[in-house]
Student: 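This is the structure I want to talk about, given as structure tokens.
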Amino acid sequence: MPTYEYKCDACGKTFEELQSITAAPLDTCPLCNQKNVHRLLGTGAGFIFRGTGFYITDYKDKAPVPQNTPKTDSSPASS
């Protein structure tokens, strides 16, 4: 359920309300009981995945794989 932010024009206070998406917007301020409330447009929050199968490390960049280094010949040099 999303959290909606409201502002009361009568008292000037802002407050948040946890509501269902299908719920009607509030029209009465819970602080001053006036009917001058309107819903504010917010940026919202990111998705929160809960449960098994979603881990923050699933999409993390893997450690870089070291490149093959050229092999050096360890035999003694001939003259």
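These numbers were taken from a predicted model, which means no experiment stands behind them.
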Student: To the nearest 0.5 angstrom, please state how far the SG atom of Cys29 sits from the NZ atom of Lys35.
Tutor: 12.0 Å
Student: So how far is it from Tyr4 OH to Leu40 CG, rounded to the nearest 0.5 Å?
Tutor: 13.0 Å
Student: Report the residues that fulfil side-chain hydrogen bond (donor to acceptor under 3.5 Å, both in side chains) with Asn36, sequence neighbours left out, ordered by chain and then residue number.
Tutor: none
Student: Mind listing the side-chain donor-acceptor pairs of residues 19-28 below 3.5 Å, one per line with the distance, residues two or more places apart or on another chain?
Tutor:
unit_1	atom_1	unit_2	atom_2	d
Gln19	OE1	Tyr6	OH	2.5
Gln19	NE2	Ala24	O	3.2
Ser20	OG	Thr22	N	3.3
Ser20	OG	Thr22	OG1	3.1

Student: Calculate, to the nearest 0.5 Å, the distance between atoms SG and CD belonging to Cys8 and Gln34 respectively.
Tutor: 7.0 Å
